[in-house]
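This report concerns only the one structure given below.
Below, chains carry the letters A, B, ... as their sequence lines are ordered, and counting in each starts from 1. The analysis underlying the following values was restricted to heavy atoms, covering all of them including side chains, and did not include hydrogens, waters or symmetry mates.
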Number of protein chains: 2
Amino acid sequence: MTATPTPRVTIKDVAARAGVSKGAVSLAFNRKPGLSEATRERIFRAARELGWAPSSTARTLAGSRVDVVGLAVCRPARLLGLEPFYMEFVSGVESVLVERSCSLLLRLVRGQDEEVRLLESWWRGRQIGGSILVDFRADDPRPAAAGRLGLPAVAVGHPSLTGGLTSVWTDDATAVTEAVRYLAALGHRRIARVGGAAALGHTSIRTAAFDEAVRALEPPARAWQTATDFSGDAGARATRSLLAAAPPERPTAIVYDNDIMAVAGLSVAAEMGLRVPADVSLLAWDDSQLCRLTHPTLSAMSHDVHGFGADVARTLFGVISGEGPGSHPVPTPVLTPRGSTAPPKA
Amino acid sequence: MTATPTPRVTIKDVAARAGVSKGAVSLAFNRKPGLSEATRERIFRAARELGWAPSSTARTLAGSRVDVVGLAVCRPARLLGLEPFYMEFVSGVESVLVERSCSLLLRLVRGQDEEVRLLESWWRGRQIGGSILVDFRADDPRPAAAGRLGLPAVAVGHPSLTGGLTSVWTDDATAVTEAVRYLAALGHRRIARVGGAAALGHTSIRTAAFDEAVRALEPPARAWQTATDFSGDAGARATRSLLAAAPPERPTAIVYDNDIMAVAGLSVAAEMGLRVPADVSLLAWDDSQLCRLTHPTLSAMSHDVHGFGADVARTLFGVISGEGPGSHPVPTPVLTPRGSTAPPKA
DNA sequence: AATAGAGACTTTACCGGTTCAGTAGGGGGT
DNA sequence: ACCCCCTACTGAACCGGTAAAGTCTCTATT
């Protein structure tokens with residue numbers, strides 16, 4: 001990409017116009033001491049008149065801050081497009097970045113190794129000042145890589161998964177437990193869960209919590225769990241196989257790990273001639289607008305994904321400015337009952 | 001954001017290890033003539049051994065290419081998250097950027113003025129080498145801004161909207177016409193369209209084409225059109241009001257401008273006790289996985305959004321490397337009939 | 001034998017900032 | 001009147017590359 005002969009205005013022009021050296025302009029724009037109020041004012045006026053803003057490229061090269069935050073996402077593109085989660089998360093992140101005139105460098109990667117290489121090259125090339133890490137797996141290589149590089153990073157995921165990195169997480173275990181208790185309280189004793197990708201850490205956490213929660217029920221209940229790839233198709237397949245059994249062997253309630261799968265489940269139930277919620281109750285996760293667009297509307301474990309993204313970004317700025325590792329829980333998803341859950345019909 | 005005392009390896013280290021000057025290293029890495037094959041090889045080996053890659057920041061500052069592409073999106077975050085379109089589009093763009101080791105700088109903005117300011121600051125600060133422009137409106141200020149700045153840009157939208165910029169577009173008019181003819185061929189004579197945001201250029205194009213297509217029908221048909229904000233809620237409201245009328249005044253087929261609204265419409269029909277497609281046919285746009293997850297499945301005007309994004313990115317590289325303005329149509333969306341369209345019941 | 005020209009590098013001057021060691025000028029203390 | 005210190009600012013080096021001009025060595029030409 002070649003440059004165009006646009007007459008660039010640089011710090012030198014501003015300095016000349018204000019009648020000072022470029023060092024002075026730099027001091028002014030970085031709010032550092034050593035300038036009189038009058039000079040400072042003059043410099044800002046000159047900059048305003050010329051429409052100048054410091055070049056972040058030059059700043060970066062000169063060794064100060066890097067005002068770009070990296071986000072590598074490793075999921076097949078088609079899935080990504082569908083999951084309302086990501087875009088909303090990104091918009092939350094953005095909302096905080098904008099306040100600090102930072103930008104988001106986004107990259108879709110195909111695997112964790114690629115992601116590690118990317119982070120390394122971003123960081124070593126000073127392209128980013130820090131990074132957000134999502135979708136943790138067991139034995140994730142990223143915390144070690146971040147540590148080795150000294151890359152400021154925030155991990156989105158439970159501390160048990162994020163290898164000592166500063167983490168921001170929702171308490172999935174508690175949420176799963178709440179979901180199970182809610183369904184049990186409605187009278188359900190045959191409860192299934194259509195989980196997300198088995199390789200993801202938070203899926204394991206939810207799986208364990210679900211088992212635990214069902215085991216704790218009194219009177220005892222029957223449980224089913226499957227893993228999927230989060231896609232609607234997988235959700236549909238899982239639902240079909242769950243609902244294919246005759247009534248005593250068929251769950252009366254199904255919990256899904258995202259809302260796409262729940263939507264798919266709803267349609268499978270309809271296709272099989274089962275009424276929701278009379279014959280089977282459905283409970284979605286990651287409540288997005290989608291859950292209110294179906295008929296019946298979907299009950300969901302909902303949380304504020306936008307706010308979540310914002311929290312993550314804020315936390316990252318903390319890490320960048322030197323805060324030690326920490327663990328930041330965000331509010332647990334709350335149960336939002338709608339039309340898809342009800343007591344099982346006798 | 002402060003730098004960490006990571007021992008950076010720079011071009012100097014590579015030069016020293018290969019026993020040449022840094023100029024030589026630069027020549028080698030930019031595949032420029034003037035080096036013997038042996039030296040070139042030695043340099044690459046040294047770089048590989050040290051794990052060095054040129055710093056894109058320094059490169060940018062030195063005045064050569066900027067390997068970042070900008071994309072500012074102006075839509076409310078909640079909507080964005082829902083529209084499968086964007087993430088899929090972005091993933092298509094990425095797929096081409098990755099091949100050329102470029103990155104995507106993404107920013108959500110709240111208005112066109114903000115976007116113009118952003119583009120200006122990105123470009124003047126040499127943060128981007130070019131930009132993708134989406135969501136054109138009437139009298140859009142962006143083509144003029146891009147022209148004034150000399151910013152290489154590709155406009156996603158019909159040439160009539162994009163003010164002389166190189167454009168990549170789908171032929172919405174033809175697609176709308178095809179949709180109308182298809183419904184008419186099924187026997188529908190009362191056809192409604194739930195359009196997108198009225199301010200967007202492609203919405204006007206579709207609106208005009210719809211009018212035109214309906215007028216051309218023989219025997220004559222009755223038509224309705226509304227504008228929305230693309231949200232599911234708006235789609236639901238529009239559908240409700242369309243279906244509230246008694247049969248002779250009620251459309252027997254509805255076309256939606258995206259799939260979210262079609263899903264919402266489907267649920268409204270169910271809620272009102274109308275059968276799809278027996279009582280009313282529904283046709284979605286921007287076919288995503290969502291359309292196959294409902295019951296009945298949604299017929300849709302589908303196109304390859306991922307490929308569209310890739311085309312846009314490729315075109316942008318063309319513009320960046322100096323190609324003059326051009327107009328690049330991509331394949332027209334094709335009708336994909338599924339379960340939500342059928343002849344109206346007598 | 002002198003000269004030109006090409007090939008293979010090296011040197012050097014930027015790019016647009018930051019940073020830090022100076023330095024000029026003014027006020028206070030003795 | 002002299003020294004010292006503080007404030008306010010300047011100048012130059014540097015960040016990690018690129019690019020244009022310069023140097024040196026060889027070979028081909030006249």
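- Put simply, CZ on B:R124 is 16 Å from C1' on C:dG17, counting in whole angstrom units.
- If you take CD of A:Q127 and C1' of D:dG17, they are 13 Å apart, rounded to a whole angstrom.
- Counting non-hydrogen atoms under 4.0 angstrom, B:V25 reaches nothing in the nucleic acid.
- Taking atom CD1 on B:I43 and atom C1' on C:dC9, their separation rounds to 10 Å, with Å as the unit.
- Ranked by how close their nearest DNA chain C nucleotide is to the 5' end, B:R40 and A:K32 are led by B:R40.
- For B:K22, no side-chain nitrogen or oxygen approaches OP1 or OP2 of C:dT10 to under 4.0 Å.
- Residue A:S56 is out of contact with every strand shown, counting any heavy-atom pair closer than 4.0 Å.
- Checking the phosphate oxygens (OP1, OP2) of D:dG16, no side-chain nitrogen or oxygen of B:S55 falls inside 4.0 Å.
- Checked against the 6.0 Å centroid criterion, the rings of B:W52 and B:F29 qualify as a close aromatic pair.
- Atom NZ in B:K12 sits roughly 14 Å away from atom P in D:dA13 (whole-Å rounding).
- Distance A:I11 CD1 to C:dT19 P: 11 Å, rounded to the nearest Å.
- Taking atom CG on A:L27 and atom P on D:dG11, their separation rounds to 14 Å, with Å as the unit.
- In this structure, B:F89 and B:Y86 have perpendicular ring planes: the angle between them is above 60°, well past the 30° mark.
- A:D140 contributes a side-chain N or O that, together with a main-chain N or O of A:R142, makes up a donor-acceptor pair within less than 3.5 Å.
- Within the structure, a side-chain polar atom (N or O) of B:S26 is placed less than 4.0 Å from OP1 or OP2 of D:dT18.
- Looking at B:E41 and B:R48, a side-chain N of the basic residue comes within less than 4.0 Å of a carboxylate O on the acidic one, giving a salt bridge.
- Remark: B:T60 is not in phosphate contact with D:dG17, judged by side-chain N or O atoms under 4.0 Å from OP1 or OP2.
- Checking D:dC9, C:dG17, C:dT10 against every side-chain atom of B:A24, the shortest atom distance belongs to C:dT10.
- Neither OP1 nor OP2 of D:dC15 sits under 4.0 Å from any side-chain N or O of B:T57.
- Nearest-nucleotide positions on DNA chain C place B:G34 closer to the 5' end than the other of B:G34 and B:A62.
- Distance from the side chain of B:P54 is smallest for D:dG17 among the nucleotides D:dG17, C:dT10, C:dG17.
- The interatomic distance linking B:L50 (CG) with D:dG16 (C1') rounds to 15 Å, in whole Å.
- Between B:V66 and B:R126 the shortest heavy-atom distance is CG1-O, 3.7 Å.
- Using a 4.0 Å heavy-atom distance criterion, B:L35 is classed as a sugar-phosphate-only contact.
- The CG-P distance, from A:N30 to C:dT19, rounds to 7 Å in whole Å.
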